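Along the sequence shown, residues are numbered consecutively beginning with 1. Being a predicted model, the structure only gives us computed values, none of them experimental.
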Amino acid sequence: MTDSVHGLEQFAAKQYGVFTRGQARALGVADGVLARGITNGRWLRVLPATYRVAAVLPSYRQRAMAAVLWSSPDGLASHFTAARLWNLEGIRSQDVHLCLPRHRGLHHPGLFVHSTRDLIPADRSSVHGIATTSALRTVLDLAGFVSFLQLELMIEDGLRRRLFTPGQLRWRAEGHLGSGVAGASALRLLLGRRQPGATQSGWELRVARILTDAGFPEPVRQFAVNTIDGTRTVDLAYPGPPLVAFEYDSDAWHSGVHRRHRDSARRNALRAAGCIVIEVTPTLVADPGGLIRLARAVPVSVMTGMES
């Protein structure tokens, strides 16, 4: 094995095992050497002039990196691919999407190529070493392709992880709202009804949407309750009176004796303060009918704020 071939494969290792013909040439690998490597199966062609080291197992990040390299110099992983790279909640697509700042006529089976004229410098980012649209731009691009709940989940996840701020979201969304792009109505509705303050987790959003879709009013987030051992904040609540609090029991975060005892003390304090506590589990979130039946078992005046 020549030093140039060894150097190429070391370089490719930093790119999830993929490289381009141009990169091979720059590292001193002649076209003839590249052709022999392809013929003997050492390297596999994945896209035009873009190759994978056969010894490196395929992965989603590898596919995204190969697509970005193929669309060099200005291609970006975008839309569903960017959402997956950013690990935005609710998106698990296997498709590979690219965004180009101008129409270049690039297309390839299995790739979704989007052209745009309104990319700004802040829309460009990098995730896991892959050139990608920013988390904020990704959310805006997907507004017309996902359900309202998925859009809300992505936005709240991005805000919670500080990938963008509420002000940045509103500022960037204004341009989209005014341009008549797909998803503008969903963005308007979401931004218009979003409660200020702390962001919501995925379970909170799912529970809130189950309730509102069933005809209940929007629950209040981060509601403070005065209890015998101090102020407790519940994630979702109907103030009542009496107050109805939704508390989440996650399989990941609520296991172990210490956590169970702490959660029990918390809920006892809430109940002693006159709260009706509905304990929400992952199974219950997956069973909207069961959650709705529990909510409807609470007096109607409590859940609607209306006098009985």
Original post:
Are H79 and F112 close enough that their ring centers fall under 6.0 Å?
Top reply: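 No, the ring of H79 stays outside the 6.0 Å limit from the ring of F112, centre to centre.
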**OP:** Report the C-alpha separation of H97 and D95 in whole Å, then their side-chain angles, then the decisive distance to 0.1 Å, and conclude whether the side chain to side chain contact (heavy atoms under 4.5 Å, CB included) test is met.
**Re:** CA-CA 6 Å; H97 290 252; D95 296 331; 3.8 Å; yes
Under 4.0 Å between a side-chain nitrogen and a carboxylate oxygen: does that hold for [X] and [Y]?
X: E247; Y: R267; answer: yes
X: R221; Y: D235; answer: no
X: R209; Y: E218; answer: yes
X: E89; Y: R206; answer: yes
X: R172; Y: D118; answer: no

Any non-hydrogen side-chain atom of [X] less than 4.5 Å from a side-chain atom of [Y]?
X: L159; Y: P166; answer: yes
X: T227; Y: R266; answer: no
X: P282; Y: W203; answer: no
X: L236; Y: F223; answer: no
X: L169; Y: I155; answer: yes
X: L76; Y: T132; answer: no
X: S4; Y: L8; answer: no

For [Y], is there any backbone N or O sitting under 3.5 Å from a side-chain donor or acceptor partner on [X]?
X: E9; Y: H6; answer: no
X: R232; Y: A269; answer: no
X: S115; Y: C99; answer: no
X: D123; Y: L119; answer: no
X: E156; Y: L153; answer: no
X: D287; Y: T283; answer: no

Between [X] and [Y], is any side-chain donor less than 3.5 angstrom from a side-chain acceptor?
X: T133; Y: T138; value: yes
X: T116; Y: R137; value: yes
X: T281; Y: Y248; value: no
X: Q23; Y: Q15; value: yes

Over all atoms of both residues, closest heavy-atom pair of [X] and [Y]:
X: A214; Y: R296; value: O-NH2, 3.3 Å
X: Q62; Y: G17; value: NE2-CA, 4.5 Å
X: A77; Y: A82; value: O-CB, 3.6 Å
X: A83; Y: M154; value: CB-SD, 4.5 Å
X: L88; Y: A135; value: CD1-O, 4.5 Å
X: L34; Y: V29; value: N-CG1, 4.1 Å

Subject >> side-chain contact (heavy atoms from CB on, under 4.5 Å) against D74, all qualifying residues, sequence neighbours excluded >> reply: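 side-chain contact (heavy atoms from CB on, under 4.5 Å) list for D74, sorted by chain: L100, P101, R102, R104, R124.
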**OP:** Could you tell me which residues satisfy side-chain contact (heavy atoms from CB on, under 4.5 Å) with I210, sequence neighbours excluded, listed by chain and number?
**Re:**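 Applying side-chain contact (heavy atoms from CB on, under 4.5 Å) to I210 gives P288, L291, I292.
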Original post:
Considering residues at least two apart in sequence or located in another chain, which fulfil the side-chain hydrogen bond (donor to acceptor under 3.5 Å, both in side chains) criterion with R63?
Top reply: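 side-chain hydrogen bond (donor to acceptor under 3.5 Å, both in side chains) check on R63 returns nothing, list empty.
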**OP:** Test side chain to side chain contact (heavy atoms under 4.5 Å, CB included) on L44 and I38 and set out the steps.
**Re:** CA-CA 6 Å; L44 305 175; I38 295 168; over 6 Å; no
Test of understanding: clusters of I, L, V, M, F, W, Y form through side-chain heavy atoms closer than 4.5 Å, transitively. Do [X] and [Y] belong to the same one?
X: V5; Y: F11; answer: yes
X: W86; Y: Y60; answer: yes
X: L211; Y: L294; answer: yes

For residues 47-56, which side-chain N or O atoms pair as donor and acceptor with protein atoms under 3.5 Å away, sequence neighbours left out?
residue: T50; atom: OG1; partner: P48; partner atom: O; Å: 3.1
residue: Y51; atom: OH; partner: R21; partner atom: NH2; Å: 2.9
residue: R52; atom: NH1; partner: V56; partner atom: O; Å: 2.8

Rounded to the nearest 0.5 Å, what separates atom [atom1] in [X] from atom [atom2] in [Y]?
X: D31; Y: R36; atom1: CG; atom2: CZ; value: 11.0 Å
X: N87; Y: D157; atom1: CG; atom2: CG; value: 7.0 Å
X: L270; Y: N226; atom1: CG; atom2: CG; value: 11.0 Å
X: Q222; Y: T233; atom1: CD; atom2: OG1; value: 6.5 Å
X: I276; Y: R271; atom1: CD1; atom2: CZ; value: 10.5 Å
X: T81; Y: R84; atom1: OG1; atom2: CZ; value: 8.5 Å

Original post:
How about R92: does its CZ atom have over 12 heavy atoms from other parts shown lying under 6.0 Å from it?
Top reply: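 Enclosed.
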Original post:
Quick one: ring-ring contact (aromatic ring centres under 6.0 Å, His included) partners of W43, sequence neighbours excluded?
Top reply: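 In terms of ring-ring contact (aromatic ring centres under 6.0 Å, His included), with neighbours along the sequence ignored, W43 is linked to F19.
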**OP:** Describe, in one word, how the ring planes of Y238 and F246 are oriented to each other, choosing from parallel (under 30°), tilted (30 to 60°) and perpendicular (over 60°).
**Re:**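 Rings of Y238 and F246: perpendicular, as their planes differ by over 60°.
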Below 3.5 Å, can you tabulate the donor-acceptor pairs from side chains in residues 66-73 to any protein atom, sequence neighbours excluded?
residue: S71; atom: OG; partner: A67; partner atom: O; Å: 3.1
residue: S71; atom: OG; partner: V68; partner atom: O; Å: 3.1

